[in-house]
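Worksheet for the structure shown next.
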Amino acid sequence: MVDFSLTEAQKALQENTPRGPEPILKGIFTLPPYEQEGPRLIGGLCARCTRKFFPSPFVCPYCLGELEKVHLSSQGTLHSFTVVRVKAPYGLSLPYCLGYVDLKDDGLRVLALIDFTCIEDLRIGMEVTLCVKEFGHDGKGNPALRYMFSPKTERLL
Amino acid sequence: MRSVSIVGTGIIPFGKHLDQTLVQLGRQAALDALRDGGVKPSEVGIGFFANFLAAHTSAEFTVGQNVFWEVGINKIPVLNVENACTSGSSAFHMAWLSIASGQYDVAIVAGAEKMYVPGLGLINSGETQLDTRLGFVVPAGFAMRAKRHMHEYGTTAEQLAYIAVKNRKHGSLNPIAQYKDPLTVAEVINSPMICDPLTRLSCCPIGDGAAAVILCASSKARRYTRNPVAIKSSVLLTGGYENPVSLLPWETDFRGCRMAYEKAGLGPEDIHVAECHDAFTIAEILHYEALGFCPEGEGGRLAISGETSLGGKRPVNVSGGLLSKGHPLGATGVAQIIEIVLQLKAKAGSRQVDGTKVGIAHCMGGDKDGDGKSCTVNILSV
């Protein structure tokens with residue numbers, strides 16, 4: 001079970017940070033500002049089945065048990081990807097990139113945006129790192145936070 | 001379960017029908033099917049109407065009752081079916097089930113769609129779903145399967161493009177196809193990129209269209225026609241949605257095809273002609289493998305072998321497929337079944353495959369968690 005309470009430093013940071021863009025869905029990743037650990041996706045864990053899910057479903061689909069929230073790995077490998085070049089939804093700037101990422105240690109394959117600044121460098125099997133960026137809007141025109149994986153190691157937000 | 005046959009079909013040309021309402025499209029196909037089968041409206045015991053986008057594009061809903069009363073069908077149970085790209089073939093499955101179970105003797109299925117409306121974006125998984133909110137669109141899902149297929153099996157852009165070229169050649173022989181001009185591999189590859197590696201000509205166009213069939217208990221089918229087409233098996237499935245999802249092989253696709261063969265007591269070697277869901281060029285290649293027409297990974301090489309072209313050993317998408325007909329979502333699944341019926345009755349004109357006794361109509365629809373939302377497989381024979 002992950003401790004979701006904030007450290008004093010995080011609380012101070014949040015109080016002093018103006019309310020920024022909201023994530024595209026509530027509770028799917030940790031919110032900025034980030035300390036050293038960086039952002040994390042939030043999945044569901046069924047203690048009984050020991051299965052992990054992302055995003056966390058209503059209940060465990062295998063045993064209908066309650067799920068605990070868990071932080072998932074911020075590291076993964078790129079299983080496949082594509083570059084979307086037309087008719088972007090949510091005001092996403094074109095081109096943008098989508099991929100499936102196999103999360104290290106979690107046994108989960110998740111759909112994700114892939115960093116669009118390095119489209120030419122993308123290769124199946126490459127290692128990628130999670131980041132969270134303001135990208136596109138929420139469907140109502142408000143700027144939104146979306147999670148993304150990047151081949152680069154430096155943190156982008 | 002009782003044996004069920006198809007006794008009548010009706011289809012209108014796929015294309016732009018800007019001056020026609022959804023009901024007008026649907027009623028024409030329904031009327032043509034009733035007349036083709038010599039079936040009176042009062043003889044129909046249950047009706048299914050398939051559509052995907054009416055509420056979105058035409059501000060219409062519960063359309064089946066409107067369509068069917070226009071052709072004199074009332075008072076019976078009427079259901080409106082939405083199941084993404086398989087809406088039509090899912091409705092067909094329900095009609096088959098209604099008769100096979102012994103509850104009804106005659107059923108009508110009509111599917112119709114109007115897609116030429118302003119502002120129709122790419123189809124997604126639904127506005128509340130995480131993948132949609134991230135930016136997922138349907139071509140992206142197939143593009144990622146294509147990328148993976150190229151990576152694992154060495155499938156080439158030329159092999160992918162050949163599917164579009166072949167189906168356009170077939171479509172040129174089909175009066176109801178929307179696009180009939182010939183294409184070259186270079187034209188497909190050099191058309192604007194939509195989602196790498198899928199170009200515009202690798203993606204099926206939209207379309208307005210309608211198609212309808214009449215099903216009947218086989219024991220009573222000869223009241224209506226001398227040459228009914230028997231339904232050997234009808235399968236409707238949903239995806240697995242378990243993580244990690246397998247992009248290749250596509251488990252739901254393989255499971256649907258396997259189940260249809262098992263129920264029919266037939267195998268891939270028995271199939272003379274096939275229609276499959278070629279919404280994107282890669283999709284037809286994946287379906288070759290799921291349908292057992294070639295080993296896993298060999299779909300690209302099968303495409304260019306000529307085996308699946310008209311005149312080849314087992315032609316696929318002789319109608320021109322979705323790539324040439326266009327993809328009016330509610331009508332598509334019914335139209336695929338109609339093509340197989342025409343082939344089995346030797347009424348397919350210049351695109352007729354000689355000596356067809358058994359055919360298969362396959363469709364998949366929707367996206368969820370890297371899987372499909374539905375898969376239908378129908379095996380028909382004479």
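Excluded from the calculations below are hydrogen atoms, water molecules and symmetry mates; all remaining heavy atoms, backbone and side chain alike, are included. On a predicted model such as this, the values are computed, not experimentally measured, just so you know. Chain letters run A, B, ... following the sequence lines, proteins first, then strands; residues in each count from 1.
When the candidates A:Ile28, A:Leu92, A:Leu103, A:Leu108 are compared by the number of heavy-atom contacts under 4.5 Å with chain B, A:Leu108 comes out ahead. Between chain B and the residues A:Tyr62, A:Phe53, A:Phe54, the largest count of heavy-atom pairs under 4.5 Å involves A:Tyr62. With chain A as partner, the option from B:Ala143, B:Gly135, B:Ala140 having the largest number of non-hydrogen pairs under 4.5 angstrom is B:Gly135.
Identified under the side-chain hydrogen bond (donor to acceptor under 3.5 Å, both in side chains) test for residues 44-59 of chain A, with sequence neighbours left out: A:Lys52-A:Asp106.
Contact check on B:Arg133 versus A:Asp138 returns no salt bridge, with no Lys/Arg side-chain nitrogen under 4.0 Å from an Asp/Glu carboxylate oxygen.
Heavy-atom contacts from other residues, nucleotides or ligands closer than 6.0 Å to NZ of B:Lys16 number 12 or fewer. The number of heavy atoms from other shown groups lying within 6.0 Å of CD (A:Glu66) does not exceed 12. Dense packing is recorded around CZ of B:Arg255, with more than 12 heavy atoms of other residues, nucleotides or ligands lying under 6.0 Å away.
Evaluated for a side chain to side chain contact (heavy atoms under 4.5 Å, CB included) with A:His79, the options B:Lys147, B:Met144, B:Arg148 yield exactly one hit, B:Arg148. Applying the side chain to side chain contact (heavy atoms under 4.5 Å, CB included) test between A:Leu111 and each of B:Leu130, B:Asp131, B:Asp367 identifies B:Asp131 as the sole match.
Contacts between residues 237-250 of chain B and chain A, defined by a heavy-atom separation under 4.5 Å, are made by B:Glu242, B:Asn243, B:Pro244, B:Val245, B:Ser246, B:Leu247. Applying a 4.5 Å heavy-atom cutoff, the residues of residues 94-102 of chain A that approach chain B are A:Tyr96, A:Leu98, A:Gly99, A:Tyr100.
The NE2 atom of B:His149 sits 12.0 Å away from the OG atom of A:Ser80 when rounded to the nearest 0.5 Å.
Only the backbone of A:Ala112 has a heavy atom closer than 4.5 Å to any heavy atom of chain B. Using a 4.5 Å cut-off between heavy atoms, B:Thr132 contacts chain A through both its backbone and its side chain.
Contacts of B:Glu82 classified as salt bridge (charged side-chain N to carboxylate O under 4.0 Å, His left out), with partners at least two apart in sequence or in another chain: none.
Closest non-hydrogen pair, A:Arg146 versus B:Leu134, comes out as NE-O, 3.4 Å.
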Show your working on side chain to side chain contact (heavy atoms under 4.5 Å, CB included) between B:Phe142 and A:Thr82 and close with a plain yes or no.
-> CA-CA 9 Å; B:Phe142 280 92; A:Thr82 185; over 6 Å; no
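Within the 4.5 Å cutoff, the side chain of A:Arg85 has heavy atoms near those of the B:Asp196 side chain. Here the side chains of B:Val137 and A:Lys87 are not in contact, with every heavy-atom distance at 4.5 Å or above.
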